[in-house]
Student: 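Quick one: this structure, given as structure tokens, is what I'll be asking you about.
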There are 2 protein chains.
Amino acid sequence: MKYELLQLPLFEGVDEQEMERLFDEIIFQTKSFGTGSLVVSQGEECNRLMILTEGVVKGEMVGADGRSLKIEDLQAPTVLAPAFIFGKRNHYPVNIISYEEAKFVVIHKAELMKLFLSNATVLQNFLGMISSRAQFLSEKLRFHSFKSLKAKLAFYLLDEAGGRTQFKLKYSQNELAELFGVARPSVGRAFMQLQSEGVIDVRYRQVQIIDSSKLSEAYSE
Amino acid sequence: MKYELLQLPLFEGVDEQEMERLFDEIIFQTKSFGTGSLVVSQGEECNRLMILTEGVVKGEMVGADGRSLKIEDLQAPTVLAPAFIFGKRNHYPVNIISYEEAKFVVIHKAELMKLFLSNATVLQNFLGMISSRAQFLSEKLRFHSFKSLKAKLAFYLLDEAGGRTQFKLKYSQNELAELFGVARPSVGRAFMQLQSEGVIDVRYRQVQIIDSSKLSEAYSE
DNA sequence: ATTCAAATGTAACAAATGTGACAACTTATT
DNA sequence: AATAAGTTGTCACATTTGTTACATTTGAAT
């Protein structure tokens with residue numbers, strides 16, 4: 001068990017001996033969920049750190065109108081909503097749903113605090129994780145502030161390409177529509193626009209970037 | 001100086017004697033900015049905690065197209081971007097611009113870490129602040145995921161009213177448009193829609209809520 | 001290879017929002 | 001009270017996105 005935990009980003013840089021000591025001191029549980037389970041529901045109180053040790057889950061935000069906006073996929077090993085534990089109104093901002101069997105290590109807030117005071121490395125790791133989360137959220141915000149759908153798609157494609165000129169889309173247009181918060185045919189249209197402008201070539205999930213500088217320019221349109 | 005710092009949320013619950021001890025240990029600077037200064041620019045590295053001790057500033061996110069989306073106003077005493085210091089890609093997500101003369105206490109990352117390890121209360125305060133920030137960001141995200149402008153406005157008005165049935169708007173339509181990320185006439189239209197539906201009564205900045213249950217329903221439209 | 005469910009391309013039309021403009025009104029200043 | 005600067009109401013029109021629908025293509029299962 002402790003060897004498994006050593007793999008977690010939270011305990012990076014902590015040696016085996018120190019881990020033994022830490023986990024003698026603190027209390028924690030393990031939990032499992034089946035495929036398609038609602039692991040955490042939006043609004044639920046968040047007073048325990050949930051560490052995903054196995055499986056893949058997704059986070060989605062339910063809007064006031066009942067539509068859901070997919071925020072991200074989370075793969076083990078990772079941690080759920082680390083930035084929400086120590087707030088005053090500490091409620092989960094999203095639903096967490098498992099794609100497959102998922103296992104968690106659960107540590108209560110008070111125990112986590114003990115960990116921090118007992119080991120500076122763990123504290124530093126945790127602070128780093130929270131920072132990354134906040135950055136992720138503000139990237140999302142900027143993304144949603146892009147003017148047009150075409151701009152969002154261009155940004156997404158360049159990010160997804162990661163330097164390659166040819167790649168397969170990870171998500172269907174349906175999923176992209178959810179991710180962007182728009183209707184599905186609009187996504188298709190945006191693809192077609194970029195194609196008709198000679199910026200990309202799309203055929204189903206296969207994408208080829210023809211003019212990556214034009215694709216960057218499309219951010220601002 | 002130390003008495004001033006005692007007022008800050010970061011040092012809440014720390015007694016005077018302990019403060020003396022802490023500030024003998026760590027290094028910090030003070031900084032001032034005039035009216036309308038660019039205190040921090042988006043993308044700048046964030047390796048110091050900037051504590052606003054006096055004045056009012058605003059945070060705005062510059063989109064790829066050059067348009068800016070106002071994120072929030074910050075009043076002293078508060079802290080800038082606490083969640084961004086400990087990340088790996090630690091860059092400010094926004095421009096910070098002073099509305100008036102603003103004073104800061106600046107503490108470098110390494111010194112801050114010393115503080116945390118030296119005093120659990122300060123650590124807890126800081127964690128709480130980060131959590132609140134993350135929650136704020138994710139509220140913003142949900143807000144932008146609202147379907148229509150009318151829904152955004154309805155949400156905003158109910159929040160702003162805070163139980164009252166009559167109040168004056170804090171922001172002009174121009175500012176609201178910036179806040180919502182839409183064009184100014186659209187804001188006016190949304191007001192007029194709500195008025196023509198008998199939900200509110202608006203005359204310039206004076207707003208009266210006529211039917212608050214209808215206003216809540218408007219979230220989902 | 002065949003079959004079937006899901007994903008995609010695409011169209012027509014409706015609705016929402018952006019743009020640019022201008023007059024009417026408020027507010028602060030003198 | 002007069003003035004000027006900024007804000008708001010409002011319009012016409014362009015553009016974007018949503019909605020619904022359906023035919024086609026793909027990919028997985030048999």
Side-chain angles (χ1 to χ4, degrees), chain A residues 63-70 99 143-157 167-197 199-208 218-221, chain B residues 36 63-70 99 143-157 160 167-197 199-208 218-221:
Chain A
D65 59 350
R67 287 199 317 178
S68 64
L69 182 70
K70 179 162 156 193
Y99 281 121
F143 184 74
H144 280 287
S145 80
F146 274 132
K147 208 168 179 173
S148 68
L149 176 54
K150 206 173 85 183
K152 285 182 191 170
L153 182 60
F155 182 85
Y156 176 82
L157 288 177
F167 61 98
K168 267 206 150 157
L169 289 168
K170 235 187 332 213
Y171 296 117
S172 71
Q173 287 191 5
N174 243 317
E175 292 174 300
L176 289 178
E178 242 190 292
L179 212 55
F180 298 168
V182 298
R184 201 267 304 168
S186 302
V187 174
R189 265 191 302 235
F191 270 116
M192 287 309 118
Q193 275 175 35
L194 288 173
Q195 178 152 35
S196 71
E197 290 165 11
V199 179
I200 60 171
D201 203 47
V202 198
R203 199 181 150 68
Y204 293 88
R205 287 196 176 193
Q206 191 62 41
V207 177
Q208 169 153 23
Y219 284 12
S220 355
E221 282 167 23
Chain B
D65 59 351
R67 285 201 318 177
S68 65
L69 182 70
K70 178 163 158 188
Y99 280 122
F143 184 75
H144 280 287
S145 81
F146 276 131
K147 208 168 179 170
S148 67
L149 177 53
K150 206 172 85 184
K152 286 181 190 170
L153 183 59
F155 183 86
Y156 176 81
L157 288 177
E160 200 59 21
F167 61 97
K168 267 208 151 156
L169 289 169
K170 239 194 316 222
Y171 296 118
S172 71
Q173 287 191 5
N174 242 317
E175 291 174 300
L176 290 178
E178 243 191 292
L179 212 53
F180 297 167
V182 298
R184 201 268 304 171
S186 303
V187 174
R189 266 190 301 236
F191 270 116
M192 288 308 117
Q193 275 175 37
L194 289 173
Q195 177 153 35
S196 70
E197 289 164 12
V199 180
I200 61 170
D201 202 47
V202 198
R203 199 183 149 67
Y204 293 87
R205 288 197 174 190
Q206 191 62 41
V207 176
Q208 169 154 23
Y219 284 12
S220 354
E221 281 168 23

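Throughout, protein chains are lettered first and strands after them, A, B, ... in sequence-line order, and every chain is numbered starting at 1.
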Student: Show the distances under 3.5 angstrom between N or O atoms of the protein and N or O atoms of nucleotides 6-9 of chain D.
Tutor:
unit_1	atom_1	unit_2	atom_2	d
D:dT8	OP2	B:Q173	N	2.7
D:dG9	OP2	B:Q173	NE2	2.7
D:dG9	N7	B:R184	NH1	3.3
D:dG9	O6	B:R184	NH2	3.0

Student: Could you report the tightest heavy-atom contact between B:V187 and B:L153, atom names first, then the distance?
Tutor: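 Looking at all heavy atoms of both residues, the closest pair is O-CD2, 4.5 Å.
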Student: In chain order, what residues pass the side chain to side chain contact (heavy atoms under 4.5 Å, CB included) check against A:Y204, with sequence neighbours excluded?
Tutor: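 Listed in chain order: nothing, the list is empty.
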Student: Of all the nucleotides listed (C:dT19, C:dT27, D:dG18), which has the minimum atom distance to the side chain of B:A183?
Tutor: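 The nucleotide sitting nearest to the side chain is C:dT19.
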Student: How long is the line joining CZ of A:F180 and P of D:dT17, in whole Å?
Tutor: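 My rounded result for the distance is 12 Å.
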Student: Taking the side chain as everything from C-beta on, heavy atoms only, tell me whether B:L157 gets closer than 4.5 Å to B:L169.
Tutor: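 Heavy-atom side-chain distance check passes, below 4.5 Å.
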Student: Grab the CD-P distance between A:Q206 and C:dG9 for me, whole Å please.
Tutor: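 Computing the A:Q206:CD to C:dG9:P distance gives 12 Å.
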Student: Please enumerate all residues that pass salt bridge (Lys or Arg N to Asp or Glu O under 4.0 Å) together with B:K168, with sequence neighbours excluded.
Tutor: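 Per chain and number, B:K168 pairs via salt bridge (Lys or Arg N to Asp or Glu O under 4.0 Å) with no residue.
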Student: Atom CD1 of A:I200 to atom P of C:dG9: distance rounded to whole Å?
Tutor: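 Rounded to the whole Å, the gap is 10 Å.
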Student: Looking at B:A218 and B:A154, what are the two nearest heavy atoms and their distance?
Tutor: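 Reported closest heavy-atom pair: CB-CB, 3.7 Å.
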Student: Which angle, rounded to 10°, do you find between the first-five-pair axis and the last-five-pair axis of the helix from C:dA1-D:dT30 to C:dT30-D:dA1?
Tutor: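 One end's axis against the other's: 50°.
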Student: Please determine whether a side-chain nitrogen or oxygen atom of B:S148 lies at a distance below 4.0 Å from atom OP1 or OP2 of C:dA16.
Tutor: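 Answer no for this pair, as no side-chain N or O of B:S148 is under 4.0 Å from OP1 or OP2.
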Student: Mind telling me whether A:F155 and A:F143 have parallel, tilted or perpendicular rings, with 30° and 60° as the class edges?
Tutor: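 A:F143 and A:F155: tilted rings.
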Student: Compile the donor-acceptor pairs under 3.5 Å between side chains in residues 189-197 of chain A and protein atoms, sequence neighbours left out, one pair per line.
Tutor:
unit_1	atom_1	unit_2	atom_2	d
A:R189	NH2	A:S186	OG	3.3
A:Q195	NE2	A:D201	OD1	2.8
A:S196	OG	A:M192	O	3.4
A:S196	OG	A:Q193	O	2.9
A:E197	OE2	A:K150	NZ	2.8

Student: Using whole Å, report how far CG of A:L153 lies from P of D:dT16.
Tutor: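 My rounded result for the distance is 15 Å.
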Student: My understanding is that only residues two or more places apart in sequence, or in another chain, count here; which of them pass side chain to side chain contact (heavy atoms under 4.5 Å, CB included) with B:E175?
Tutor: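 So B:E175 forms a side chain to side chain contact (heavy atoms under 4.5 Å, CB included) with B:K70, B:Y171, B:S172, B:R205.
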Student: Between A:L149 and A:P185, which residue's closest nucleotide on DNA chain D lies nearer the 5′ terminus?
Tutor: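 Looking at the nearest nucleotide for each, A:L149 comes out on the 5' side.
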Student: For A:R189 and D:dA21, what is the distance between atoms CZ and C1' respectively, to the nearest whole Å?
Tutor: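 One finds 13 Å between C1' of D:dA21 and CZ of A:R189, rounded.
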Student: Could you walk me through whether A:K152 and A:H144 pass the side-chain contact (heavy atoms from CB on, under 4.5 Å) test, one step at a time?
Tutor: CA-CA 8 Å; A:K152 285 182 191 170; A:H144 280 287; 4.2 Å; yes
Student: Quick one: A:F146 CZ to D:dT16 P, roughly how many Å, whole number?
Tutor: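 It is 17 Å, rounded to the nearest whole Å.
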